[in-house]
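Structure first, then comments.
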Amino acid sequence: MELNSDLDRDSGALDATPKRQNNEIYKIIENSMRSSVLEVSRIHLLTVLVVFQVGMDDSGASEDVPPVGGLLMGETLGQGAFGCVKSASLEVDKNIVVAVKFIHMPTCNENGLQERDIMREVVLHNKCSQHPNVLRLIDCNTVDDYIYIILEMADGGDLFDKIEPDLGVDLLITQFYFQQLVNVITYLHEQCGVAHRDIKPENILLDKSGNLKLADFGLASQFKRKDGTWKRSMDQRGSPPYLAPEILYSKKPYYANVTDIWSIGIFTFVLITGAIPWELPAWEDVNYSSFLENDGNVDMGPWKRVDIQQLSLLRKILQQDPSERITLSKLRSHPWFTQKNKLMNSKGLCNDPAALANRLLSRLNVSLDNGNYNTSLTQTLDSATRSVSPPLPTVSTQPVYNDVAYIQTDSLPNDQRYPNTQRPSSQYYALHDELNYYSTQVDDTLLKYMENDYSTLQFQSQQNIRDKSLNALQFRPFKLTKFYSLEPMENLLPILEKALQLSGIKVTPDLYRFYQELLEKKNEDVFPLKINMKNFDSRGGKLVGFISIRRVKADLKSLEFVRKSGDPLEWRRLFKKIALFSRDIILIVK
Ligand SMILES: Nc1ncnc2c1ncn2[C@@H]1O[C@H](COP(=O)(O)OP(=O)(O)OP(=O)(O)O)[C@@H](O)[C@H]1O
């Protein structure tokens, strides 16, 4: 699809007409790569090539997407509210890998989104694609019920996945991403006249060197016209904790670019503390009102983790009155921006990806010890007697879901599987309880497979082993809300079911029986399996996602917790809780 970036700015109408056939994709990607500021990632497809879901899930959007000419669809990288994102390689050169975002139009329509809304997003994203910190948009077209968008592959995965709740990331890393974010927002505002309007860790991906890649232009708007005149916004959209107060309460139109500066402040706070400062910038929110009453001098809760230099910066950014808020150019002369970051080169990109990965991931930890287990169990039993708080009113549109977790197969008959031919040799240990491990035998390929996946490190309680392995780290797109297990399904599923229940998730009883029924029905391997999950987080926000159980090889299975919507910090908190209650089935390398 050729993209015409000439928006009719007052009506929001858009001229974006499909003008090309799919078989030209290679040419487009090739040209796009040639003209690209960045090289599109060239990695080999590592894992299962085609993973299709059987049937639709209850959001209406399916992972079973139609084929796209010129592309070989790969694994599912993630799921959003309206579709999924898959890796794909070019038919003519399988080493060229891109990400393809499929947007299921009927689901969008049911939720009030029209094709022109999606095209508006695509046009603005395309307009802003010439910066190394913007996820590059390569092409867009339609196939069956879907609009698909071909994007640069973000090899480093999600940033949100790497933030430890209630700890955050270290200051050098926070400053690194703060500086990259200010750079890219400067480009958007000053060169494109576009405000992003949805800056939050969920919309930031990483490349293979750990550089920030701004994504999701779904709420972006053109605030400056070609003739230099400005346009103000009136609508109330965005993610509640990241919203600037004028979006919520101002009766007057507001400048969308100034709201981006506010969101930079919240983003920075989340990186420093691993928590959001408030749920809404509203007087009714006690955290926000106490921030205002104390003129930003707060020293409680997560604010205790903010030191004096960053507090002074945040106070300048988080000014309720937009005219008092620090401007982008003043932000660029603030010492925290001008101070050289030792991980950044003169072009503003990472100069030492291994050191960045090491520092970023070193705080991720899931403690499975008895103390933590008993505390969580007590809290769970206590809270079972209290009712769940109702969800907050939210200004974003999300589909409605059923609430009970159930199991389904996610496989195709021709699903590519690891052959079960090699004999075990290396030693592995599954955690049984804090003191008693039992060993089992797994082969060297598996050892390599797991060592490459840094999600395994988060369970490692011995700091020296963690440090040693962290030194060899590289950025990879693996999700970190994940663990491995060697347990047979008759042990794994009942323990997981209990863990889900203890974590407050409603589950269809006897997952193992359903698994057996699936086996009988399909009369073949049913992996990957999918367990849908819905829950309210501790603040009443809705969390939606699923557990994908894949058979890696022989008895080794991976259990990946994939978030579809909801606060990512809360998703990781939930994952840690389920992992703790599932500790008897988690495999850790010792
Ligand atoms: N270009 C990409 N490279 C690698 N992974 C990606 C890419 N784009 C998306 N993903 C993965 O897919 C997930 C879902 O992406 P998507 O943009 O649909 O999510 P979302 O923003 O949560 O969805 P929504 O559009 O409903 O807000 C991301 O969290 C990420 O893990």
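Please read all numbers here as calculations on a predicted model, not as lab measurements. One-based numbering, in listed order, for ligands and for the atoms of each.
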So which atom in Trp262 and which in Tyr242 form the shortest heavy-atom distance, rounded to 0.1 Å? CD1-O, 3.5 Å
Start with the C-alpha gap between Met105 and Asn109, add the side-chain angles, then the distance that decides, and say whether side-chain contact (heavy atoms from CB on, under 4.5 Å) holds. CA-CA 6 Å; Met105 285 318 296; Asn109 295 340; 3.9 Å; yes
Under a 4.0 angstrom heavy-atom cut-off, which atoms of ligand 1 come close to Asp158? 28 (C), 29 (O), 30 (C), 31 (O)
Would you please classify the geometry between the Phe561 ring and the Phe483 ring as parallel, tilted or perpendicular, with 30° and 60° separating the classes? tilted
When you measure from the centre of the six-membered ring of Phe176, is the NZ or CZ of Arg359 closer than 6.0 Å and no more than 45° off the axis? no
Given 3.5 Å as the limit, does a donor-acceptor pair link the side chain of Glu164 with the main chain of Asn365, or not? yes
How does Asp155 reach ligand 1, by side chain, by backbone, by both or by neither, if only non-hydrogen atoms under 4.0 Å count? neither
Does an N or O anywhere in Glu152 fall below 3.5 Å from an N or O of ligand 1? yes
Does ligand 1 come near enough to Lys101 that some N or O of the ligand is less than 3.5 Å from an N or O of the residue? yes
Pull out every atom of ligand 1 sitting under 4.0 Å from any heavy atom of Asp216, numbered as shown with elements. 21 (O), 27 (O)
Go through the steps to decide whether Asp453 and Lys482 satisfy the test salt bridge (charged side-chain N to carboxylate O under 4.0 Å, His left out), and finish with yes or no. CA-CA 10 Å; Asp453 184 344; Lys482 178 182 184 186; 2.6 Å; yes
Mark up the atoms of ligand 1 that fall under 4.0 Å of a heavy atom belonging to Leu135, in ascending order. 1 (N)
Atoms of ligand 1 close to Lys479 [distance to a heavy atom under 4.0 angstrom, numbered from 1]: 31 (O)
Between Ala154 and ligand 1, is there a nitrogen or oxygen pair with a distance under 3.5 Å? yes
Indicate the ring-plane relationship of Tyr454 and Phe478, choosing parallel, tilted or perpendicular according to the 30° and 60° boundaries. perpendicular
Out of all atoms in ligand 1, which are within 4.0 Å of some heavy atom of Ala99? Include the element for each. 1 (N), 2 (C), 3 (N)
